[in-house]
Every structure is written in C-alpha cells, then in structure tokens.
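Here is the structure we will look at.
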Amino acid sequence: MRGSDSGIMIGHNHSEKMISMIQKHLGRDLGVEAKGELKKHISECPDCKVYVDSIEETVKFYRKNNAVNEMPSGVSERLFKVLELKNNSTKEENEK
Amino acid sequence: MNNHLDEKILVQKALDGDQKSMAILVETHSDRIYSLAIKLMRNEEDAEDILQETFMIMIKKLNTFAGKSSLYTWLYRIATNLALGKLRRKKIVKSEEDIQNVSEASYLGKDIQNWKNPMEAEQDQSVMTTCLEHAISKLPESYRSVFVLRDMEKHSTRETAKLLAISESNVKVRLMRARLYMRDRLAENMQCVEVIQAS
C-alpha cells in the first residue's frame, strides 16, 4: 500500500479475495466463517476500516432519510380524473 | 387495507366492475408508487406520467393479476419497468464515465481520509433530504436504478437482478460503484450545505 505526503492513500494492494469479501459483507452476503476472517483483517487495516465504516454509515444515512415522497398537490386529483374514477378520499377536497 | 384477504376481495370486486373498490386500490397504492417513480425519474412530471400509466395498466390488466404476490409488488414491477423504459428512451447517461472509473482496483474511492460521516452532521431533516436527493440525481441511470431498488427499496440482489433483467454479479458491481459514488457525493454535499449556511 502506498500513501501520499498528505496522508491520502493512493493505492490499496489487497487480494481480490479480500475485496470480494468486503463487498459481500456490505451486501450482507458473507458467511459466518468468512466474517471472522474479515473482522480480523479490518481490525488490523485502518484503510479497510474507514472504507467499510464509511460505506455502512452512508447506507444508514440514506435509509434513515429515505422518506416516502408525498405527492404534490393536484397529482392525485389528476390521477383519478385520467382513470375516470371518483376519489373516495377527502384529502384532495381538504387541500382546496 | 389490513391484509391480503381484504386486498383479494377488493381486487375481485374491482374486476366485477365496482368502481369504488377500484378507487380504493388506486388510493391505497398511489403514494408509494409515486414515491418510487420520483426516486427513479428525479422529475415530477415524469413521475406523474409513470403513476398514471401504472394505474391505467392496472385497470386494463387487473384480470391478469394472479394474486401470487401482493398487488403492490405487481404494481411495483409495472412502475419500475415503465420508469426504466422511459429513462432508456431519454438516454440519461450523463457522467457514466466518472462512476465507471470507480472499480475494484480503486475501491477506496477518493479522499477517504477526509470523508465526513453524514450521520454526525447536525442538520435538519429537510437539509438532509435535499442533500440525499441531490446526490441521487447525480447518479447515472443504470446505477441509480440498482441503488434505489437494492439499497433504498431493500430488494435482494436476486430480486433486483430480476426486475432490471441483468445478472446478479452486474447488480453487485453497480451497487458497489453506486455506494462509493453516493458516499463521496454526500460528503461533498454536506460541505456545500455548511458553506451555504455559513454565508
């Protein structure tokens, strides 16, 4: 592994097996035995720790902030009109 | 609607011509279908088109709904296919090259030592949502669809592959690249927000 003067890593000479294990771990596809091996590696490799932590925190972040987008005003009304159905809900009427 | 049985009854009534039951089915699922469409399309007008087309197909083809999955799953597949078709026609492939460069060989992404944890940022929900939406909008379509289905909608690798008609290994590669891309964009966006708020 090589590092620049600023401390930013510019290369990461890990085996394909290890990279694949990390991807599987992040995809929740890693078996128990391999998990132990990966855990050991991460505890000894700061770069992999930052990598795994940062991806996991990012996934947590967007899952936490992934709200159901509410339909803007009028969308439901237009939908029912196109479908030629009567909206049973009073939601649209209340918006008026 | 509380359970599968209620849904089955409503579907049967709708098939028998009961307009009120059909309207209940539309009303029950329209919010979630719109939410999925806006995540994939990143555009209100296109999302509304997908919403309308999805339910037009539902009304027309409800007799082909076998009831093996929930109605939502069926509608979800219709909406996803419509959205992906529309995206393909629009040929939204911007910055595809940027993300392709994030390969296993450079899997750390860039500047990870300077990476900021978005969970630690003390921002209100609307700022967080804006950051997230901005980051997603920058994802090229082929990665965005995998990312939305796999990470946001929580489909399995197999389900995502099936929905997108691509291989499971392709899903994994695209997901890995999309996550790296999202991680870096979110970190950048957080910094932008801090600058805007400070000015």
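Below, chain A is the first sequence line, B the second, and so on; all start at residue 1.
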| request: Drop me the distance from A:Glu56's CD to B:Arg183's CZ, to the nearest 0.5 angstrom. | output: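 Here the rounded value is 12.0 Å.
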
| task | Report the distance from atom OG1 of A:Thr58 to atom CE of B:Met182, rounding to the nearest 0.5 Å. | result |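 Answer for the OG1-CE pair, A:Thr58 versus B:Met182, is 8.0 Å.
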
Is there side-chain contact between [X] and [Y], with heavy atoms separated by less than 4.5 Å?
X       : Y       : value
A:Arg78 : B:Glu48 : yes
B:Tyr34 : A:Pro72 : yes
B:Leu51 : A:Met71 : yes

| field | Heavy-atom pair with the smallest gap, counting every atom of B:Ser30 and A:Leu79 | value |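 Residues B:Ser30 and A:Leu79, closest heavy atoms: CB-CD2, 3.9 Å.
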
| task | Please name the pair of heavy atoms, one in A:Asn87 and one in B:Glu27, separated by the smallest distance, quoted to 0.1 Å. | result |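 Between these two residues, the closest heavy atoms are OD1-OE1, 3.5 Å.
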
| message | For B:Glu53, is the CD atom crowded, meaning more than 12 foreign heavy atoms sit under 6.0 Å from it? | response |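 Yes.
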
| field | Within 6.0 Å of CD in A:Glu44, more than 12 heavy atoms from elsewhere | value |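 Counting other residues, nucleotides and ligands, CD of A:Glu44 exceeds 12 neighbours.
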
| Contact listing (chain A partner; residues 54-62 of chain B; heavy atom under 4.5 Å) |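 So far as heavy atoms go, B:Phe55, B:Met56, B:Ile59 are the residues that approach chain A to under 4.5 Å.
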
